[in-house]
J.: 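Dropping a structure here in structure tokens format, bear with me for questions.
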Number of protein chains: 2
Amino acid sequence: MEYIIGIDGGGTKTQVVMVDMRGNTVINFTVGPSNANVISNQELHEIFKAIFQRIKDRAPVEFERVICVYAGIAGAGSAEIKQQITGILSSLVPKNSKVYLEIDALNALYSGTLGDPGIVHISGTGSVAYGINKKQNKDRVGGWGHLLGDEGSGYSIGRQGVSAALKFQDGRGDQTILLDMLYEHFRVDNARSLIDHIYFAQDMKRTIASLSEIVFCAYKRNDRVASRIVENAAIEIVHHIVTLYRKLFTDREEVKVVLCGGIFNDVDGVLPIVHRNLEKDDYFRVLTPSLLPVYGSIVGGFTQLDVKVTSDMIKRMQEASTN
Amino acid sequence: MEYIIGIDGGGTKTQVVMVDMRGNTVINFTVGPSNANVISNQELHEIFKAIFQRIKDRAPVEFERVICVYAGIAGAGSAEIKQQITGILSSLVPKNSKVYLEIDALNALYSGTLGDPGIVHISGTGSVAYGINKKQNKDRVGGWGHLLGDEGSGYSIGRQGVSAALKFQDGRGDQTILLDMLYEHFRVDNARSLIDHIYFAQDMKRTIASLSEIVFCAYKRNDRVASRIVENAAIEIVHHIVTLYRKLFTDREEVKVVLCGGIFNDVDGVLPIVHRNLEKDDYFRVLTPSLLPVYGSIVGGFTQLDVKVTSDMIKRMQEASTN
């Protein structure tokens with residue numbers, strides 16, 4: 001039997017799995033972050049070295065039979081960075097193994113399309129749309145970071161929620177329950193203290209993004225200001241996807257759209273609005289991921305090896321995903 | 001002859017003047033920042049101690065005849081901070097001198113109203129509206145910092161300019177010359193490098209705020225996207241002012257509105273739009289400051305001492321302002 005290693009490297013953690021050619025998981029573990037935008041090549045080398053050493057220690061025989069390593073790494077978008085990291089990986093894998101390196105958005109896509117072309121919109125703290133067509137052309141829309149872009153992201157929704165609450169407090173904005181909800185959340189009773197909790201937070205970006213949950217809560221309580229924010233976020237996300245569709249696909253070509261990331265976990269929030277807006281056009285097939293992103297890397301590996309991913313294999317990977 | 005000391009303390013510098021009762025400037029210098037939000041009480045004590053020592057060294061006789069110290073200090077808004085800083089100042093000034101401490105927005109107001117009640121809107125890197133009525137009631141609108149508020153500020157205008165340029169680059173936004181102008185400004189040829197210049201800037205907030213100048217430039221070249229940003233900024237500023245008017249003044253009560261800060265220095269940018277919008281209501285009298293903010297502190301001091309500020313005195317302070 002031969003084996004494939006899949007890696008999903010993000011800003012908070014790196015997931016690693018090794019599966020056999022029938023989709024059975026042999027090894028499965030998580031280590032620290034490996035975002036290439038933030039971590040130096042030297043550090044990345046150390047992280048990958050430790051990952052492969054750990055696999056070798058636990059399954060030395062299987063490791064020698066690895067024929068493919070497929071890594072989706074955050075921040076590995078540019079050709080230069082891609083070449084550097086591919087070099088690092090190639091120096092660490094068994095001789096007969098092929099190495100494929102892609103941006104982590106691609107394995108997120110495959111975790112939903114199961115190897116087919118399509119578009120993924122990832123919305124967590126940040127947001128980006130990424131796609132690949134039949135000819136393997138890839139492109140993206142958005143993803144310019146929390147200060148300058150990331151429309152439809154948790155950060156953007158949370159920031160707008162606080163901003164609207166402060167405008168109401170000022171007497172400048174429409175009435176909203178967001179102000180009281182934010183006061184309660186931070187256990188404060190005035191805007192100055194609220195602000196201080198945010199500006200002096202240890203991880204301000206994440207703190208603001210986490211406040212998107214309060215906006216969703218207010219939205220479900222029919223708060224008009226929160227509804228406007230949630231609906232606008234959905235419109236921005238749809239706009240990303242439609243723009244990318246025009247760049248990569250021909251008119252009315254059917255395409256799978258995967259919605260991925262924390263914002264879509266709330267099934268009564270942004271998700272149904274995006275769904276509804278996209279499915280008005282009958283060529284969009286909207287999906288949520290059926291596998292963990294790290295198994296999206298395994299799917300990517302199989303696809304590169306021209307191995308057909310059967311429903312049995314998917315089932316095995318799904319079972320391992322939920323264990 | 002007796003003397004007044006005026007202080008204008010901000011986030012980048014602190015200006016100090018000493019004038020006689022006829023408005024003649026005796027001493028005039030600038031030292032480092034004294035924003036109470038950022039600097040500890042211990043450090044503030046050191047800064048003020050050095051300021052008064054410097055005056056004493058240069059004009060020992062006059063210093064003993066100081067009857068009023070009026071300081072406008074950024075971040076001195078809360079009662080607690082006000083009490084602490086007043087304590088520091090009182091321990092350093094001559095025995096017979098009164099001490100008045102206010103937020104720096106108030107002396108900015110007086111630098112335009114020359115002691116009258118009114119509203120000031122300050123828009124530089126950040127933005128805030130501050131006002132005082134005949135009964136000496138004070139209030140503010142906005143000023144919640146660059147991430148959560150500061151609508152109509154340089155930061156907000158610059159950020160929207162970059163964001164619109166990136167949306168155009170993505171194929172998501174309207175055509176705009178901002179993209180090429182930003183590329184030229186940073187000497188780059190792609191969005192990724194543009195982004196890197198901003199996110200890795202030493203002072204990101206100021207870097208983004210400074211890009212408002214590019215937006216004003218595009219606005220003058222009739223770029224529609226830039227026009228929308230500039231017009232929205234003006235509307236936000238007017239909204240701050242009108243909201244504050246409703247909080248502090250009675251219906252149709254005439255009030256002086258002072259427009260202050262870097263954004264209004266560009267007389268073909270936001271200024272005329274705000275002017276036009278406000279003067280539709282005949283009870284707004286729109287002004288730009290006729291004195292440096294530090295002389296606004298002197299005006300505040302005279303007002304507190306019930307000394308009438310004559311046009312001769314203003315003229316002398318204006319002459320000193322431009323020297």
Side-chain angles (χ1 to χ4, degrees), chain A residues 37-38 75 77-78 80-81 128-129 139-151 155-156 158-173 182 190-201 204-205 207-208 211 236 238-248, chain B residues 37 75 77-78 80-81 128-129 139-152 155-156 158-173 182 190-201 204-205 207-208 211 236 238-248:
Chain A
N37 272 337
V38 182
S78 80
E80 194 191 340
I81 291 178
V128 67
D139 210 336
R140 60 170 243 184
V141 166
W144 301 116
H146 67 297
L147 294 182
L148 304 169
D150 288 3
E151 296 84 4
Y155 179 88
S156 168
R159 196 192 66 77
Q160 286 177 66
V162 181
S163 181
L166 292 169
K167 281 190 173 180
F168 167 55
Q169 200 276 342
D170 266 348
R172 271 188 298 157
L182 287 164
N190 65 80
R192 169 55 48 199
S193 305
L194 169 64
I195 289 288
D196 284 350
H197 271 278
I198 296 171
Y199 280 108
F200 297 134
M204 188 160 55
K205 191 163 83 173
T207 299
I208 292 176
L211 298 176
E236 291 282 3
V238 170
H239 200 184
H240 279 79
I241 294 165
V242 172
T243 305
L244 191 53
Y245 179 81
R246 289 205 199 101
K247 283 178 154 183
L248 283 174
Chain B
N37 272 337
S78 80
E80 193 193 341
I81 292 178
V128 68
D139 211 335
R140 60 171 242 185
V141 164
W144 301 116
H146 67 299
L147 293 182
L148 304 169
D150 288 4
E151 296 84 3
Y155 179 87
S156 170
R159 195 191 65 79
Q160 287 176 66
V162 180
S163 182
L166 290 170
K167 280 189 173 181
F168 167 54
Q169 200 275 343
D170 266 347
R172 271 188 299 158
L182 287 164
N190 65 81
R192 170 56 47 195
S193 306
L194 169 63
I195 289 288
D196 285 349
H197 270 279
I198 296 172
Y199 280 107
F200 298 132
M204 188 161 53
K205 191 163 84 173
T207 300
I208 292 176
L211 299 177
E236 291 282 1
V238 170
H239 199 182
H240 279 80
I241 294 165
V242 172
T243 304
L244 191 54
Y245 179 81
R246 289 203 201 103
K247 284 177 155 183
L248 283 174

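A note on names: the letters A, B, ... follow the listed sequences, proteins ahead of strands, and every chain is numbered from 1. All figures in this text were calculated on a predicted structure; none of them were measured in a lab. Quick note: numbers below take in every heavy atom, side chains included, and nothing from hydrogens, waters or symmetry partners.
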J.: Using non-hydrogen atoms only, which part of B/Gln160 is less than 4.5 Å away from chain A: side chain, backbone, both, or neither?
T.: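 It is neither, since no heavy atom gets under 4.5 Å.
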
J.: Identify the two heavy atoms, one from B/Ser163 and one from A/Leu148, that lie closest to each other, and give their separation to 0.1 Å.
T.: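 Closest approach of B/Ser163 to A/Leu148: OG-O, 3.2 Å.
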
J.: Please determine, among A/Val141, A/Asp139, A/Leu194, the option with the most heavy-atom pairs under 4.5 Å with chain B.
T.: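 Among A/Val141, A/Asp139, A/Leu194, the one with the most close pairs to chain B is A/Val141.
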
J.: Side chain to side chain contact (heavy atoms under 4.5 Å, CB included), that's the test. Do A/Val162 and B/Trp144 meet it? Break it down for me.
T.: CA-CA 10 Å; A/Val162 181; B/Trp144 301 116; over 6 Å; no

J.: Nearest heavy-atom pair of B/Gly143 and A/Arg192: which atoms, and what distance?
T.: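 The pair with the smallest heavy-atom distance is O-NH2, 4.3 Å.
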
J.: Pair A/His239, B/Lys167 - check side chain to side chain contact (heavy atoms under 4.5 Å, CB included), show working.
T.: CA-CA 10 Å; A/His239 200 184; B/Lys167 280 189 173 181; 6.0 Å; no

J.: At a 4.5 Å cut-off on heavy atoms, which part of B/Ala129 comes close to chain A: side chain, backbone, both, or neither?
T.: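 Neither part, no heavy atoms under 4.5 Å.
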
J.: Heavy-atom pairs under 4.5 Å with chain B are the metric here; pick the option from A/Gln169, A/Met204, A/Arg159, A/Arg246 that has the most.
T.: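 Option with the greatest count: A/Arg159.
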
J.: Which heavy-atom pair separates B/Lys247 from A/Asp170 by the least distance, and what is that distance?
T.: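 That closest heavy-atom pairing would be NZ-O, 3.0 Å.
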
J.: Identify which part of A/Leu244 has an atom lying under 4.5 Å from any heavy atom of chain B, answering side chain, backbone, both or neither.
T.: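 For A/Leu244, no heavy atom lies under 4.5 Å from chain B.
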
J.: Closest approach of A/Arg172 and B/Gly142, non-hydrogen atoms and distance?
T.: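 That would be NH2-CA, 3.7 Å.
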
